[in-house]
**Student:** 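Below you will find the structure I want to go over with you.
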Number of protein chains: 2
Amino acid sequence: MDIREIAKRAKVSTATVSRAINRVPTVDPQLAKRVWKVVDELGYYPNTQARALVSGKSRIFGLVVSEITNPFFPEIVHTFEELAVQGGYEILLVSTVHDSKRMRTSVRRMIEQRVDGVAVLTFGMEELLVDDLHLRKVPLVFVDVGRDVPHVSNIRIDYQHGIRQAVQHVAALRHTRIAFVSGPLRLPSALARKRAFEDSMAEIGLNVDSELLVEQDHTMEGGMRALRQLIALPICPTAVLCSNDMTAIGVMREAYDQGISVPQELSVVGFDNIRLAEFMIPPLTTVDMSQTELARIAFKALVSDISRETPAEHGTEYQLNTNLVLRRSTALAQSGPPRHKSTKP
Amino acid sequence: MDIREIAKRAKVSTATVSRAINRVPTVDPQLAKRVWKVVDELGYYPNTQARALVSGKSRIFGLVVSEITNPFFPEIVHTFEELAVQGGYEILLVSTVHDSKRMRTSVRRMIEQRVDGVAVLTFGMEELLVDDLHLRKVPLVFVDVGRDVPHVSNIRIDYQHGIRQAVQHVAALRHTRIAFVSGPLRLPSALARKRAFEDSMAEIGLNVDSELLVEQDHTMEGGMRALRQLIALPICPTAVLCSNDMTAIGVMREAYDQGISVPQELSVVGFDNIRLAEFMIPPLTTVDMSQTELARIAFKALVSDISRETPAEHGTEYQLNTNLVLRRSTALAQSGPPRHKSTKP
DNA sequence: TAACCGTGAGCAAACGATTTCCCATTTTGG
DNA sequence: CCAAAATGGGAAATCGTTTGCTCACGGTTA
């Protein structure tokens, strides 16, 4: 059933039907009513493809996230979708972008679908895409893309702020042997977090032993591996900061397996502040990086790029802060000499 | 840039370009090569809208889930998406379907987008949609839709199987006062789980006190509330089964706050077996309802519906089983009289 | 009364592909 | 060597909308 059918039954032209449906004010209310009646009776709804074809706008946004399986991202998807439906947009989702090739094809496919904009909230794969994408004049928003790419908006995240707070918090609790479990260092965001840690430590005159810097993969299993590695050290750390909450959960889980109590014997700090953090046992002290805020910014960026008909020469820069939130996974370092493998009873 | 541009530059007709791109075998390899050369040089890619308009297929699947924020669903999305990209499909995601109105419009919009099929994996809102949707002849797959709807595939879940195992497991550990925290009972799936619990209890001759049946909302907060309610009882339960893992996590968290140790003083069993369950402290014993399997079935159902040109009179029925997986959140009931509020020292 | 306007509806041309014919070559067989 | 069949490419119709342009109609103004 198409617009012609409606036109025929309402005894008007297809043009009038189109105008009536789109609520163009110049159409006579009488006629409009007649059209709507037929539309309702037949349950007609316009073909979006045809619409998009002529208008050039699909009212679809692409949303690319790293790994929907990490609870950090669903929260983003949630907010983004909320805004999308409010704005009358659909969202085309791509997740699971392990490798850059897969990612490229995914995004390429989005562009083939003529999405009106793409938000790439992936923390790391951005660089590879930028070139591909900004040629097509689709509005784009990235997170923490290093270089300054024309026509692309960028959400810059201030990792330093929250991580410094975390370090100082832990230091204030008298910890001196503080470990950091990073994500894969090829990811810019993981690297930035580790740097922020090192800088913050340096700032307060604590040196970070290289053996206390362990690289993992931002998963719970990674966190478990990390702790196993750390407790094998001659002198164990008494606190461990993690590059994300999943890692921290893994660390706590391994601590449980090893009979190390958190926070009495080991303080743990996460990063991200996923909703789950609050429900861990013990509730996880972590650095908040607001997922709703991030999604909100990304969405707004896209919308404002679209409304601006002449694309801005330099994409807008947005800013997102991070902040420590205290819960119960950190405590005063145990007095006396740090727990030492070989001196342990 | 469109197909005409390519045709002009390759000095062939648009028809030939189309054929070359779609790898129609009858086109002369020479010409095809010439076309592809131009295509690559110009970075041309066909307009999906136009394609869809003429072919009537969009190569997009709609995926509707209850609440992306519940870790159960991302896992489904993940698998579904995996299969989708393999099959050359995009996915249009709708989550956050609290109210049926919102859901209807969402799905309506999907249909307007001319998706090739919709998987509604939402555990409860199905009924409302069925009528709207199955008129349009879009392939559909639901979970546990009660009545037998023509042209609609249905994944039926055997809650009873896993829940009976859970009940028997807990009973074997000498628990007799066993509580059940259900989801919102207006959701068919929540109701079915509760029924399965009651039946399983009856089967082994344990009576379930109505005060041990608490209705909650499938969230972690709900779990916390539930436990608070249960420990206020004159005689506390020594084991609590939950309608989903999020609830169980909440229960364990509240137990932690109340200083009740799991599993020594309280056994907890979840339902769903989200990935996180294994990483809880203690690791959560739960009933597995494979998310990957569910997604896989849904996807296959859609694909097979599509390939079958004449829609089957009665949609296919699929089956998904549930199974207890033992971890460490359950233990022998403490001997002696059950912990009693007023007799507690 | 004639010229003029403003209003609102219809005609037809896009939008960018696919696909159905149909025609011009070759190839094949007698 | 010629007719018939096979082959491959092109012209044009089509998918379902939107929209610029034209035109008819009725009312206002000189």
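Residue numbers start from 1 in every chain, and the chains themselves are labelled A, B, ... in the order their sequence lines are given, proteins ahead of strands.
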**Student:** To the closest 0.5 Å, what do you measure between CD (A:E81) and CD1 (B:I68)?
**Tutor:**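 It is 8.5 Å, given to the nearest 0.5 Å.
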
**Student:** Rounded to whole angstrom units, what separation is found between the NZ atom of A:K57 and the P atom of C:dG16?
**Tutor:**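 Between P of C:dG16 and NZ of A:K57: 13 Å.
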
**Student:** Could you state the atom-to-atom distance from CD1 of B:I6 to P of D:dG10 in whole Å?
**Tutor:**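 Going from CD1 in B:I6 over to P in D:dG10 covers 15 Å.
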
**Student:** Roughly, in whole Å, what's the span from CD in B:E112 to P in D:dG16?
**Tutor:**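 For the pair B:E112 CD and D:dG16 P, the rounded distance is 15 Å.
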
**Student:** Write down the distance between CD1 (B:I3) and P (D:dA12), rounded to a whole number of angstrom.
**Tutor:**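 Nearest whole value for this atom pair: 17 Å.
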
**Student:** Nearest nucleotide by nearest heavy atom, which residue falls closer to the 5' end of DNA chain C, A:V27 or B:V17?
**Tutor:**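 Looking at DNA chain C, the more 5' nearest nucleotide goes with A:V27.
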
**Student:** Give a yes/no on whether any side-chain N or O of A:Y44 is located under 4.0 angstrom from OP1 or OP2 of D:dT17.
**Tutor:**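 Yes, within the criterion.
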
**Student:** Could you verify whether a donor N or O on one side chain and an acceptor N or O on the other, from A:S304 and A:S307, lie under 3.5 Å apart?
**Tutor:**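 Distance-only check fails for A:S304 and A:S307.
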
**Student:** Please pick, from D:dG10, C:dG10, C:dT18, the nucleotide with the shortest atom-to-atom distance to any side-chain atom of A:R19.
**Tutor:**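 Out of D:dG10, C:dG10, C:dT18, the nucleotide with an atom closest to A:R19's side chain is C:dG10.
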
**Student:** Counting only side-chain heavy atoms from C-beta out, which of C:dT18, C:dA9, D:dT18 sits nearest to A:L31?
**Tutor:**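 Per side-chain heavy atoms of A:L31, the pick is C:dA9.
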
**Student:** Hey, which of these two, A:A15 or B:P29, hits DNA chain D nearer its 5' end, going by closest nucleotide?
**Tutor:**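 So the residue in question is B:P29.
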
**Student:** Please report the distance, rounded to the nearest Å, between CD in B:E5 and C1' in C:dG16.
**Tutor:**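 Those two atoms, CD and C1', are 13 Å apart.
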
**Student:** Of all the nucleotides listed (C:dA17, C:dG10, D:dG16), which has the minimum atom distance to the side chain of B:L53?
**Tutor:**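 Nearest to the side-chain atoms of B:L53, counting from C-beta on, is D:dG16.
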
**Student:** Can you see which heavy atom on B:D116 is nearest to which on B:I306, and at what distance?
**Tutor:**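 Closest pair (atom of B:D116, atom of B:I306, distance): O-CD1, 3.6 Å.
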
**Student:** So with a 6.0 Å cut-off around CD of B:Q86, is the heavy-atom count from everything else above 12?
**Tutor:**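 Result for CD/B:Q86: enclosed.
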
**Student:** Checking side chain to side chain contact (heavy atoms under 4.5 Å, CB included) between A:L121 and each of A:L63, A:V77, A:I297, which is the one that passes?
**Tutor:**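 Among A:L63, A:V77, A:I297, the one that satisfies the side chain to side chain contact (heavy atoms under 4.5 Å, CB included) with A:L121 is A:L63.
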
**Student:** If only side-chain N and O atoms of B:T16 are considered, is one of them under 4.0 Å from the OP1 or OP2 phosphate oxygen of D:dG9?
**Tutor:**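 Answer is no, no contact under 4.0 Å.
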
**Student:** Rounded to the nearest angstrom, tell me the gap between atom CD1 in A:I21 and atom P in D:dT19.
**Tutor:**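 My rounded result for the distance is 13 Å.
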
**Student:** Rounded to the Å, how far apart are B:N47 CG and D:dT14 P?
**Tutor:**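 It works out to 21 Å between those atoms.
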
**Student:** With sugar-phosphate meaning primed atoms plus P, OP1 and OP2, does B:S55 contact a base, only sugar-phosphate, or nothing at under 4.0 Å between heavy atoms?
**Tutor:**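 Here B:S55 touches no strand at all.
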
**Student:** Which nucleotide in the list C:dT19, D:dG8, D:dT18 gets nearest to the side chain of B:T26?
**Tutor:**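 Per side-chain heavy atoms of B:T26, the pick is D:dG8.
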
**Student:** Whole angstroms only, please: what is the CG-C1' distance between B:D2 and C:dC15?
**Tutor:**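 Roughly 9 Å, once rounded to whole Å.
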
**Student:** Please determine, for the side chain of B:D28, which listed nucleotide (C:dA17, D:dG8, C:dC11) has the closest atom?
**Tutor:**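 My answer, after comparing the listed nucleotides, is D:dG8.
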
**Student:** Where the side chain of B:S13 is defined as all heavy atoms beyond and including C-beta, which of C:dG16, D:dT18, D:dA11 is the nearest nucleotide?
**Tutor:**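 The closest nucleotide is D:dA11.
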
**Student:** Given D:dA11, C:dC15, D:dT19, identify the nucleotide with an atom nearest to the side chain of B:R4.
**Tutor:**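 Among the listed nucleotides, the one closest to the side chain of B:R4 is C:dC15.
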
**Student:** Could you check which of C:dT18, D:dT19, C:dG16 has an atom nearest any side-chain atom of A:S18?
**Tutor:**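 Output: D:dT19.
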
**Student:** Measure up the A:F61 and A:Y89 rings against each other and bin them: parallel (under 30°), tilted (30 to 60°), perpendicular (over 60°).
**Tutor:**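 It falls in the parallel class, under 30°.
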
